[in-house]
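Working notes for the structure below.
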2 protein chains.
Amino acid sequence: MEDPDISQASGGETPASRAGTTGAGRSGLDQRRILDAAVRFIDENGLRMLTMQRLGAYLGVEGMALYRYVPGREALLDGVVETVVDELFSDPHVHLEAHSGWVDYLQRLAHGLRRIALAHPEVFPLVATRPPAAPWVRPPLRSLRWIESLLGVMTDAGFSDENAAAVYRAFSSFLLGHLLLEVAAHGVETGPVEEPDVSPSEDLSDYPNLQRLEPHLSVDAAAEDFEEALEALLDRVALLLPRRRRPARLTKDK
Amino acid sequence: MEDPDISQASGGETPASRAGTTGAGRSGLDQRRILDAAVRFIDENGLRMLTMQRLGAYLGVEGMALYRYVPGREALLDGVVETVVDELFSDPHVHLEAHSGWVDYLQRLAHGLRRIALAHPEVFPLVATRPPAAPWVRPPLRSLRWIESLLGVMTDAGFSDENAAAVYRAFSSFLLGHLLLEVAAHGVETGPVEEPDVSPSEDLSDYPNLQRLEPHLSVDAAAEDFEEALEALLDRVALLLPRRRRPARLTKDK
DNA sequence: ACCTGAACACCGTTCAAGT
DNA sequence: ACCTGAACACCGTTCAAGT
């Protein structure tokens, strides 16, 4: 009744599926087109500006027309999340098959998701907080195909079922925390258009440490932090394997 | 103009401040009372049910009455986040002064925030995603007082300014990722009231690894995961200190 | 001084009606 | 087959009016 899964086309009668041709009506409307437009709209105008009527206008249509292809606003947002996460499939730097070992695999997956987060900073909070379909679907890796893939790679590499699941959980937490904070920092600089008014950086007189450390806190070390934390996580994961099977040079030598 | 800081009472003329007595009008209305009621309302009914009119009714008042004490809905939400995070100050297990070393301090802080997240699972996504006031205010540790406190403890313990800032960033990412995923998992079990219909756990026939690992994925290991990841983070942080000053038994002996 | 009624602009959603 | 106009219930917010 609520949140009917969008784009799971199994049995779902969409106008396009009925029409024989993959084509569209006179307005070129289409579920794919609507979801893609929604992503672009959020990228350009921010999540809070997305409204059924405005998205309709963005598509040259009257807003209620969207309900022919989308069950409602909630389902639309679910579709937006799915659309954005699915970009991982077409990322040339993240080849499912062409990885050399689980370390390489997890690194590519992590960087692929980071690229998505940075490409859609306004969408990412949605990826992070939308209630998942199943309890074990953890943001930001919300695709069954990728979870399956990750678990397969890990178990093939010699991790026990328990450990593979633990790695999946740790990996999700790491990605979610880092990426959500990185896009939030991105947003706060370009975000609310307020004039600094009188105080250029508020009143920090009561906070001497904050005041002294402000230069250190304001530098954007997101990329380095991400890399370091990822390496630390991989080191920790490697310890789950019997010594013999551990990849050799995990501890950076640079 | 937007998001005027609530409860920063400096110069803000509230009815209570004008009335001499700390008391209230005939309805007992009050900014504190409104924010506390909003938190309770979200705890009980969920964030998406919170509306000005419903919150008004919850307080026995007409909804527009709230605008006398709160600039608007956005500011109300900011106030809710601040209210919940401020619970850390009155947590008896998290004493600012009575800590023995930075390890103990970070552990107490982490567990205090985890307690808050679990106490208000419906509020926490708000804590996680509300745009922070300054770029270096990172969720979920959104209080200037606590950031100041953390930086002070770390530098006093011998960490450089750069390293103290790095620890603050790593600590925030760790907390955000773990706690957001933990409350999300909590919500998905009690969340949407759907009937399982026909398929008790969807169709996993195309995902053999998922299918086989489902028991491992469904167990709630949040507490253990949190503890382990926290220990790993503390170990990693300790390496930033010169060997001499490192706390002795960080690697668990259990 | 504090709350309410009425009003405004906007929202999501449904459905009969147009083409 | 596809889109729109009109309608409904609900929002956030403002403000003159009540007590």
Side-chain angles (χ1 to χ4, degrees), chain A residues 1-4 6 12-35 37-38 41-42 45-80 126, chain B residues 1-4 6 12-35 37-38 41-42 45-80 126:
Chain A
M1 184 186 290
E2 284 189 358
D3 284 30
I6 223 175
E13 294 274 322
T14 67
S17 70
R18 239 186 247 163
T21 166
T22 338
R26 42 183 175 274
S27 289
L29 230 46
D30 185 353
Q31 187 173 261
R32 256 273 56 77
R33 199 178 300 263
I34 291 177
L35 292 180
F41 185 95
I42 298 176
N45 305 101
L47 176 58
R48 38 181 310 127
M49 291 304 286
L50 181 76
T51 213
M52 296 304 278
Q53 0 233 358
R54 280 202 273 255
L55 180 57
Y58 191 75
L59 283 159
V61 100
E62 251 337 283
M64 310 90 85
L66 305 178
Y67 287 88
R68 293 261 143 184
Y69 307 90
V70 162
R73 189 176 194 267
E74 293 301 287
L76 176 76
L77 294 181
D78 286 337
V80 164
L126 223 50
Chain B
M1 183 189 289
E2 284 190 359
D3 283 33
I6 223 174
E13 294 275 322
T14 68
S17 68
R18 239 185 247 161
T21 168
T22 337
R26 42 183 174 274
S27 289
L29 229 46
D30 185 353
Q31 187 173 262
R32 256 273 56 77
R33 200 178 299 264
I34 291 176
L35 292 179
F41 185 96
I42 298 175
N45 305 102
L47 176 58
R48 37 181 309 124
M49 292 302 287
L50 182 76
T51 212
M52 297 303 279
Q53 0 234 355
R54 279 201 274 254
L55 181 57
Y58 192 75
L59 283 160
V61 99
E62 257 327 289
M64 309 90 83
L66 304 178
Y67 287 88
R68 293 262 144 186
Y69 307 91
V70 163
R73 189 174 194 266
E74 292 300 287
L76 176 77
L77 294 181
D78 286 338
V80 165
L126 224 48

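Since the structure is predicted, the reported quantities are computational estimates derived from the model, not experimental observations. Just so it is clear: chains get the letters A, B, ... in the order the sequence lines come, proteins before strands, and each one is counted from 1.
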* **Spacing of CZ belonging to A:F41 relative to CG belonging to A:L59, to within rounding of 0.5 Å** => 10.0 Å

* Structure fact -> When rounded to the nearest 0.5 Å, the distance separating CG of B:L77 from CD1 of B:I42 is 6.5 Å

Length of the [atom1]-[atom2] vector between [X] and [N], whole Å:
{"X": "B:L59", "N": "C:dC3", "atom1": "CG", "atom2": "P", "value": "10 Å"}
{"X": "A:E74", "N": "C:dG12", "atom1": "CD", "atom2": "P", "value": "10 Å"}
{"X": "A:I34", "N": "D:dC3", "atom1": "CD1", "atom2": "P", "value": "9 Å"}
{"X": "A:E62", "N": "D:dT4", "atom1": "CD", "atom2": "P", "value": "5 Å"}
{"X": "B:L66", "N": "D:dC15", "atom1": "CG", "atom2": "C1'", "value": "16 Å"}
{"X": "A:M64", "N": "D:dG5", "atom1": "CE", "atom2": "P", "value": "7 Å"}
{"X": "A:Q31", "N": "D:dA1", "atom1": "CD", "atom2": "P", "value": "19 Å"}

Closest contact, heavy atoms only, [X] versus [Y]:
{"X": "B:G56", "Y": "B:L66", "value": "N-CD1, 4.0 Å"}
{"X": "B:M49", "Y": "B:R54", "value": "O-NE, 2.8 Å"}
{"X": "A:S27", "Y": "A:V61", "value": "OG-CG2, 3.9 Å"}
{"X": "B:A38", "Y": "B:V80", "value": "CB-CG2, 3.6 Å"}

* **side chain to side chain contact (heavy atoms under 4.5 Å, CB included) partner of A:Y69, chosen from A:I34, A:D30, A:L76, A:L35** => A:I34

* **Dot-bracket encoding per residue of DNA chain D, Watson-Crick/G-U cut-off under 3.5 Å, | denoting interstrand** => ||.|||||...|||||.||

Please confirm whether the shortest side-chain N or O distance from [X] to OP1 or OP2 of [N] is below 4.0 Å.
{"X": "A:Y69", "N": "D:dA1", "value": "no"}
{"X": "B:Y67", "N": "C:dT4", "value": "no"}
{"X": "B:R73", "N": "D:dG12", "value": "yes"}

* Asked: Is a side-chain N or O of B:R73 found less than 3.5 angstrom from the main chain of B:M52, in a donor-acceptor match?
  -> no

* Taking it one step at a time, do A:L50 and A:N45 satisfy side chain to side chain contact (heavy atoms under 4.5 Å, CB included)? -> CA-CA 8 Å; A:L50 181 76; A:N45 305 101; over 6 Å; no

* Asked: By a strict heavy-atom criterion of less than 4.0 Å, which residues belonging to residues 49-57 of chain B are in contact with DNA chain D?
  -> B:T51, B:M52, B:Q53, B:R54

